[in-house]
Amino acid sequence: MALMTTVLAASLALTPGVSTLHPAQGVVSVAASFREAGDAGYGAVTYAPGSVPPGSRIRVTERTGDHGTWIELRLEGVEADRTFGAHVHRQPCGADPADAGTHYQDAADPVQPSVDPVYANPRNEAWLDLVTDARGHGRSQASVGWRIRAGEARSVVVHEHATATLSGHAGSAGPRLACVTVPFA
């Protein structure tokens with residue numbers, strides 16, 4: 001399913017397959033329904049249908065300004081009452097969970113994948129961990145004091161558990177369960 005450009009809706013209700021771009025205003029919003037990895041195209045893909053079922057929904061909104069970047073993640077219809085890790089990644093989604101590449105970092109760690117807390121931390125990366133409610137709905141947001149460099153971040157990946165912070169494991173959140181391609185501003 002191709003992403004469409006449309007007018008920014010006043011409502012934050014999830015609308016499958018919509019990408020809203022207002023670069024002059026510093027707003028990018030993507031809403032999509034997850035599909036199986038084998039389906040054509042990779043707007044929003046699930047690699048773990050038991051946790052992120054096909055048809056469950058995701059919305060990612062990015063707002064940029066003079067003081068940095070604000071990103072919001074919303075999930076609907078995923079596994080209930082659990083914690084998911086989530087991060088901005090460098091490449092778009094693909095059939096293989098690894099296609100999304102490593103985490104986007106404002107100051108890039110020369111060793112990738114990064115597990116050094118000097119680089120892998122919520123001030124240098126956009127961490128969007130969340131806990132879902134009894135309906136499988138969850139929301140998180142991250143605010144960072146920098147803007148994503150053009151073309152260097154392309155997706156948000158949902159991971160199996162909360163993001164680790166200890167040295168040697170920092171930034172790790174387990175297997176990649178789902179991914180949505182986002183045209184960050």
Side-chain angles (χ1 to χ4, degrees), residues 26 28 30 34 37 42 44-52 56 58-75 78-133 136-185:
V28 172
V30 172
F34 287 104
Y42 298 104
V45 60
T46 178
Y47 308 112
S51 298
V52 182
S56 59
I58 187 168
R59 176 183 287 274
V60 176
T61 302
E62 174 200 33
R63 288 188 175 89
T64 58
D66 293 338
H67 301 290
T69 304
W70 176 85
I71 301 169
E72 179 184 57
L73 169 64
R74 289 182 180 229
L75 294 175
V78 300
E79 188 175 352
D81 300 316
R82 71 162 290 175
T83 300
F84 292 95
H87 314 104
V88 173
H89 280 247
R90 295 181 54 81
Q91 300 301 321
C93 306
D96 186 307
D99 289 344
T102 58
H103 295 181
Y104 176 85
Q105 296 179 319
D106 184 48
D109 186 341
V111 177
Q112 293 292 326
S114 179
V115 292
D116 180 346
V118 170
Y119 296 96
N121 64 65
R123 293 167 310 285
N124 193 45
E125 299 181 348
W127 290 6
L128 296 157
D129 294 11
L130 58 85
V131 177
T132 58
D133 63 18
H137 295 192
R139 175 183 174 270
S140 66
Q141 60 186 19
S143 183
V144 293
W146 40 264
R147 293 181 68 170
I148 294 171
R149 291 177 296 279
E152 291 191 28
R154 303 267 172 90
S155 62
V156 170
V157 173
V158 178
H159 293 268
E160 180 152 14
H161 55 76
T163 307
T165 57
L166 298 174
S167 185
H169 300 281
S172 301
R176 297 170 186 204
L177 304 180
C179 182
V180 62
T181 298
V182 179
F184 288 101

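Looking at every heavy atom in both residues, S140 comes nearest to D129 through CB-O, 3.1 Å. Contact detail for A100 and V157: the closest heavy-atom pair is CB-CG2, 3.7 Å. Nearest heavy-atom pair, D116 versus A170, reported as atom, atom and distance to 0.1 Å: C-CB, 4.1 Å. Here the shortest heavy-atom pairing between T64 and R147 reads OG1-NH2, 3.0 Å. Contact between H87 and T163 at its shortest, heavy atoms only, is NE2-OG1, 2.7 Å. The two residues R149 and Y104 come nearest to each other via the heavy atoms N-OH, 3.0 Å.
Here the straight-line distance linking atom CD of Q112 with atom OG1 of T102 works out to 4.5 Å at 0.5 Å rounding. Taken from CG in D99 to OG in S155, the straight-line distance is 9.5 Å, to the nearest 0.5 Å. Between the CH2 atom in W70 and the CD atom in E62 there is a gap of 10.5 Å [rounded to 0.5 Å]. A distance of 5.5 Å separates OG1 in T69 from CD1 in I148, rounded to the nearest 0.5 Å. Between the CZ atom in R176 and the OG1 atom in T46 there is a gap of 14.0 Å [rounded to 0.5 Å]. Taking CG of L130 as the reference point, atom CZ of F84 lies at 7.0 Å (rounded to 0.5 Å).
At a threshold of 4.5 Å between non-hydrogen side-chain atoms, the residues S56 and E79 do not count as touching. A heavy-atom distance below 4.5 Å is found between the side chains of P110 and Y119. Side-chain contact between V60 and V180 is present, with heavy atoms from C-beta onward closer than 4.5 Å. For the pair S172/V115, a side-chain contact is recorded, criterion being any heavy-atom separation below 4.5 Å from C-beta on. V30 is listed as a side-chain neighbour of P183, based on a closest heavy-atom distance under 4.5 Å. Using a 4.5 Å cut-off on side-chain heavy atoms (C-beta onward), V52 and Y47 make no contact. Counting heavy atoms from C-beta on, the side chains of V28 and F184 never come closer than 4.5 Å. Inter-residue side-chain proximity for R154 and H89 is flagged as unmet; no heavy-atom pair is nearer than 4.5 Å.
Panel note: side chain W146, backbone R123; a donor-acceptor pair is recorded below 3.5 Å.
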Report the C-alpha separation of S51 and R82 in whole Å, then their side-chain angles, then the decisive distance to 0.1 Å, and conclude whether the side-chain contact (heavy atoms from CB on, under 4.5 Å) test is met. CA-CA 9 Å; S51 298; R82 71 162 290 175; 3.2 Å; yes
Would you check, one step at a time, whether the test side chain to side chain donor-acceptor pair (under 3.5 Å) holds for R74 with T61? CA-CA 9 Å; R74 289 182 180 229; T61 302; over 6 Å; no
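Between the side chains of E152 and Q91, no donor-acceptor pair of N or O atoms lies under 3.5 Å.
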